[in-house]
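Encoded as structure tokens, the structure appears first; notes follow it.
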Amino acid sequence: MSGEETQEKGLEGAQRAKVWLDSTTRANVRWVNPDEVALPKLTFPWADKTDRKFSFDLAGLLIGGDFDGQEFFVESKFYDKPHDQGKLYREYLAKCYRAYLHRPERCDHFMWVTWSPFLVESWDELCGPEFVAKSVGLHWAKLCPDGEVTEPSPDAGVCEEVASRLWVIVLSRKQEGLVVSREHRGMIQKYDIEKGG
Amino acid sequence: MTTSISQSYEQAIANALGLEDGNAAVDSVKQVVVKQLNTFDRRAEITNTRYFNHSFAPDLVLSWPRDQGGDRYVYLRLTDSLDFLREGIGLLERSDSIVYNLVPPSAAEIDQHPALTRAMSGSPTLLTDPAAVGTFIDRQQAEPVLGLVSNAISHGGRGFIDARAAESTATALASGFAAARRLDTGPTAEATATIGTVLDDRQSRRMGNLLQAIWIGSGGRLDEYPAPTDVTADLGDDVLAFLLNFDEIDDPVFWNRLGQRANLSQLGRLRIDQPSANLQHLVRANLDHLWARAVSVRPTDPQLYDDDEKFSWVVERELLGLQGPDFVAYFAEKADESRRGMQKASGRGVAISELKRRSANVVLSSLRLSDGNERIEYSSESDEDIAQGEGVERVAATMGEMTRVENGQLVLPTGQHLALDFVDLTASAISSTRVSLPNLALSALPVIWPFDEDLVATLDEVFYIPAEVTADLLSLIAPDDEDQPSLPATEPPPTVRFSELPPERQRELLEGLKPLRQLPPGSGSGDQD
């Protein structure tokens with residue numbers, strides 16, 4: 001894909017992921033990249049001294065049950081093939097590691113929402129602490145706080161915490177429509193509003 | 001440089017959105033929006049939901065419990081993409097919602113994006129923003145009638161109203177209402193067209209009826225009204241209730257013009273917040289034509305009141321009532337309706353000496369007395385008063401000290417007759433004759449209920465026709481009569497006490513004015529049902 005196509009796909013993917021998450025009735029995506037007022041809520045600084053920053057695609061709150069009120073960040077990939085998701089996913093894990101270190105109170109969940117499976121040979125490892133640690137090691141230079149790059153030494157405890165917060169969600173276009181009906185969603189929301197929600 | 005109210009809200013929203021903490025930003029921005037919408041439409045109650053910028057669930061819910069007006073969802077949006085904004089509107093739970101765009105695009109961006117404008121044209125959804133709402137707020141500071149427009153827009157505004165559209169809408173409607181009062185067809189027609197564009201059918205009808213009522217009330221002819229007319233509902237119940245519930249409008253002529261077709265049946269149907277200052281204005285300004293056929297009094301607990309406000313108009317039991325210090329008098333157009341929903345009063349009647357005190361200023365042509373066993377009817381052959389004479393006193397004395405007057409007949413200055421029931425505390429017109437509200441109240445109430453002298457004087461003041469209305473009415477009776485000496489322009493119009501007018505003048509006002517002022521040519525003016 002060209003850069004422009006990638007950007008366009010990125011925007012569309014973020015919107016589709018928002019609509020799908022909102023349609024579950026268990027999520028409220030509040031901030032969407034690249035809306036200007038949303039960007040500061042989605043953006044984190046890398047640890048190095050270069051002023052480099054990264055941002056997630058979406059952020060919001062989960063609703064109801066054990067997750068009620070917990071915050072999540074989303075990276076979306078509206079891809080029809082794996083493309084370079086393996087590389088991007090590893091970088092994403094390093095971002096999650098950094099975000100958790102920077103603002104742990106905001107990082108209850110990290111969601112990778114994609115329309116194409118990737119790294120299928122390692123599928124059962126994608127949300128494990130070892131995979132997080134390896135991925136963090138690949139981007140260690142951006143995580144070294146004093147500007148001097150050291151040997152990668154991810155904090156095992158932090159990798160455990162990040163891993164426990166990871167979700168990988170694979171959607172398909174048809175599945176986007178397989179959600180609670182408009183009629184029933186309206187009833188749920190009406191109930192929520194009437195009880196003061 | 002001064003900052004308008006709209007600019008201060010826009011700045012407050014921008015500041016709130018700029019807060020680093022997302023949750024604090026959401027709470028803060030919703031507080032500002034709630035405050036702005038409350039200023040925009042003071043009638044609306046606003047429920048804040050847990051949602052923010054959700055694809056389907058509303059951020060806020062507007063409702064109008066006092067207006068029986070249902071509710072309306074408000075969705076806050078902050079996308080920079082007009083495509084996503086447009087597509088998102090198609091996903092809304094209810095299409096008649098308000099989409100409140102916190103980061104509105106510039107005029108140039110809108111102009112470059114005709115798809116959005118096209119999509120919103122004819123849509124039941126209202127797409128608007130803080131600048132547009134602020135424009136209405138700013139404008140209604142100077143032109144209160146735009147408060148009605150704001151309420152109509154929050155109820156049923158539709159299409160795309162940005163700051164530019166808000167400015168042109170406010171201008172068109174403010175001009176239209178002013179034009180309707182001076183019967184200027186051009187701006188009135190433009191206002192009706194604007195109403196049809198920016199409001200849904202229900203609100204369009206409400207505002208259209210209001211505009212039409214002002215036109216008619218200002219002396220305009222229905223067949224010259226520059227828009228399709230609704231001859232059946234010049235001022236519908238909901239429009240009138242809406243006006244009565246609105247901020248106080250202390251303008252007797254306004255209420256007189258609007259109330260030309262108001263009647264007691266309609267007032268009784270209205271659901272209004274009470275006490276209602278505007279109800280006092282409406283009734284007082286329309287005493288020249290409000291009529292009834294019966295009044296029933298029921299005692300209440302003593303009321304706390306200021307010296308100046310011993311009486312107030314209320315709507316209860318689907319009747320217009322006059323709340324007094326320790327009673328309510330209910331007026332009705334049908335003789336049997338003034339007791340609607342009430343138990344029969346259990347009075348024993350009134351002693352002849354007390355009746356003589358109460359009836360010194362009226363003519364009672366017939367009385368029925370009872371001692372508990374026998375009844376005697378004592379009547380005049382020629383509608384002369386018999387209550388103040390000695391004859392009835394002698395009859396009562398003969399019957400014994402337990403004797404009470406149970407019924408009577410009162411002759412009004414207009415020659416009409418009222419049947420009085422001192423047991424059931426009711427006065428009702430005999431035959432189908434209509435009785436003017438002031439005549440009925442001032443003649444009957446102090447007779448069927450014990451008023452002291454001060455209270456009679458205070459009651460009289462309740463039925464003063466405001467000087468401005470009197471001047472307006474007099475100008476309509478003889479607008480071009482050069483023989484009539486006119487008052488100097490600087491002299492205030494006279495205050496006229498209705499009961500002080502000679503009977504023929506009362507009749508002239510009551511019977512002659514209404515058809516002269518309000519009905520289109522060719523309409524009948526019958527005063528009997």
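Residue numbers start from 1 in every chain, and the chains themselves are labelled A, B, ... in the order their sequence lines are given, proteins ahead of strands.
Using a 4.5 Å cut-off between heavy atoms, A:Val29 contacts chain B through its backbone alone, with no side-chain atom that close. For a residue to count as touching a neighbouring chain, one of its non-hydrogen atoms must lie under 4.5 Å from one of that chain's; by this rule B:Phe84 touches chain A with the side chain only. For A:Ala27, the part lying under 4.5 angstrom from a heavy atom of chain B is the backbone only. Looking at B:Ala25, only its side chain comes within 4.5 Å of chain A, counting heavy atoms on both sides. Contact of A:Leu11 with chain B is made through backbone and side chain together, with heavy-atom distances under 4.5 Å. If you measure heavy-atom distances from A:Ile63 to chain B, the contacts under 4.5 Å come from both the backbone and the side chain.
Between the side chains of A:Arg30 and B:Asn23, a donor-acceptor pair is found at a separation under 3.5 Å. When only modelled atom types and interatomic distance are considered, A:Asp22 and B:Tyr51 share no side-chain donor-acceptor pair under 3.5 Å.
How far CD of A:Glu183 is from CD of B:Glu93: 10.0 Å, rounded to the nearest 0.5 Å. The CD atom of A:Glu12 lies 11.0 Å from the OG atom of B:Ser81; values are rounded to the nearest 0.5 Å. Atoms CD1 and CG, on A:Ile193 and B:Leu60 in that order, are 10.0 Å from each other to the nearest 0.5 Å. The distance from the NZ atom of A:Lys41 to the CG atom of B:Leu17 is 6.5 Å, given to the nearest 0.5 Å.
Evaluation of the ring pair (Phe, Tyr, Trp, His ring centres under 6.0 Å) rule for B:His113 yields no partner, not counting sequence neighbours.
Side chain of B:Arg50 to backbone of A:Asp192: no donor-acceptor contact under 3.5 angstrom is found. Judged by distance alone, the side chain of B:Asn53 and the main-chain N or O of A:Trp31 form no donor-acceptor pair under 3.5 Å. A donor-acceptor contact shorter than 3.5 Å is absent between the side chain of B:His54 and the backbone of A:Thr25.
In this structure, A:Glu36 places its CD atom where only 12 or fewer heavy-atom neighbours from other residues, nucleotides or ligands lie under 6.0 Å away. Other residues, nucleotides and ligands contribute more than 12 heavy atoms inside 6.0 Å of the CG atom of B:Asp111. The environment of NZ in A:Lys142 is crowded: more than 12 heavy-atom neighbours from other residues, nucleotides or ligands sit within 6.0 Å. Surrounding CD of A:Glu151 are at most 12 heavy atoms belonging to other residues, nucleotides or ligands under 6.0 Å away.
At a threshold of 4.0 Å, the pair A:Lys190-B:Asp71 does not count as salt-bridged, since none of the basic side-chain nitrogens sits closer than that to a carboxylate oxygen.
Interface summary for chain A: among B:Leu76, B:Val61, B:Asp83, B:Leu91, the most heavy-atom pairs under 4.5 angstrom belong to B:Leu91. If you tally non-hydrogen atom pairs under 4.5 Å between each of A:Ser23, A:Ala38, A:Pro34 and chain B, the highest count goes to A:Ser23. Between chain B and the residues A:Arg103, A:Arg185, A:Lys18, the largest count of heavy-atom pairs under 4.5 Å involves A:Arg185.
Side-chain contact between B:Arg77 and A:Asp35: absent, with no pair of heavy atoms (C-beta onward) separated by less than 4.5 Å. Counting heavy atoms from C-beta on, the side chains of A:Pro40 and B:Glu20 never come closer than 4.5 Å.
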